[in-house]
Amino acid sequence: AQARYEKRKAERREFTARKRAGLLTPEEQAAEEKPKVEAYCKSIMDARLYLIFRLRFVRCYSWAEVAGALGKCYTEAGVSRMAYNYLESH
């Protein structure tokens with residue numbers, strides 16, 4: 001158990017050093033930012049916009065997939081515009 005603890009501690013130190021040096025992989029960066037993105041999404045009171053943000057920025061759907069999930073009335077350009085308009089206004 002002690003060896004496993006020491007190994008995890010060393011891995012965390014190495015991760016922290018790579019983070020400070022700006023050497024994280026895109027996947028590691030995404031994992032680090034995910035809690036912030038989820039918290040931001042939870043602050044969105046509009047149900048439709050909440051869903052758009054969750055699908056796009058948490059579940060990594062393409063804009064076309066987000067539009068498809070919302071229904072036939074929505075387009076890729078439309079849902080991306082709604083999201084970016086929301087970001088500009090908040």
Side-chain angles (χ1 to χ4, degrees):
Q2 181 67 26
R4 196 171 358 149
Y5 170 77
E6 291 299 328
K7 181 180 177 188
R8 289 179 66 193
K9 191 174 172 182
E11 287 171 350
R12 190 67 193 160
R13 274 194 307 266
E14 186 265 336
F15 176 83
T16 302
R18 287 188 307 106
K19 182 178 176 181
R20 285 187 185 138
L23 300 174
L24 294 182
T25 66
E27 291 81 12
E28 291 170 325
Q29 290 173 359
E32 284 285 299
E33 296 297 321
K34 187 173 181 176
K36 294 177 195 172
V37 173
E38 288 175 336
Y40 184 79
C41 287
K42 287 179 184 174
S43 75
I44 300 171
M45 294 294 118
D46 181 279
R48 181 180 53 188
L49 282 167
Y50 170 80
L51 181 58
I52 290 170
F53 274 78
R54 287 273 312 163
L55 293 175
R56 177 65 178 150
F57 300 111
V58 176
R59 300 183 86 197
C60 301
Y61 279 30
S62 69
W63 286 119
E65 291 169 323
V66 173
L70 290 173
K72 288 192 259 183
C73 318
Y74 295 92
T75 65
E76 184 177 346
V79 293
S80 66
R81 190 173 335 115
M82 285 190 284
Y84 291 120
N85 285 345
Y86 179 83
L87 288 172
E88 287 178 7
S89 67
H90 288 82

*Taking C-beta and beyond as the side chain, do F15 and R20 meet within less than 4.5 Å on heavy atoms?*
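No, their side chains stay 4.5 Å or more apart.
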*Measure the shortest side-chain to side-chain distance between Q29 and K19 over non-hydrogen atoms and say whether it is less than 4.5 angstrom.*
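The answer is no; the side chains never approach within 4.5 Å.
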Which heavy atom of [X] sits nearest a heavy atom of [Y], and at what distance?
X: C41; Y: F53; result: SG-CB, 3.7 Å
X: M82; Y: I52; result: CE-CD1, 3.6 Å
X: A67; Y: E76; result: CB-N, 3.7 Å
X: Y50; Y: I44; result: N-CG2, 3.7 Å
X: L55; Y: A69; result: CD1-CB, 3.8 Å

*Cluster link Y84 to V58, ILVMFWY, side chain under 4.5 Å*: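 Yes: a chain of side-chain contacts under 4.5 Å links Y84 to V58.
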*Would V79 and M45 show up in the same hydrophobic cluster when neighbours are defined by side-chain heavy atoms closer than 4.5 Å?*
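The answer is no; the residues belong to distinct hydrophobic clusters.
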*Any salt bridge between E33 and K36, counting N to O under 4.0 Å?*
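The answer is yes: the pair qualifies as a salt bridge.
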What distance do [X] atom [atom1] and [Y] atom [atom2] have between them, rounded to the nearest 0.5 Å?
X: S80; Y: R56; atom1: OG; atom2: CZ; value: 8.5 Å
X: E11; Y: K7; atom1: CD; atom2: NZ; value: 5.0 Å
X: T75; Y: R81; atom1: OG1; atom2: CZ; value: 6.5 Å

*Between R18 and E28, does a salt bridge (Lys or Arg N to Asp or Glu O under 4.0 Å) hold up when you go through it step by step?*
CA-CA 10 Å; R18 287 188 307 106; E28 291 170 325; 2.6 Å; yes
*Taking the six-membered ring for Trp, is the centroid-to-centroid distance between Y40 and F57 below 6.0 Å?*
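Ring-ring flag for Y40/F57: false, centres at least 6.0 Å apart.
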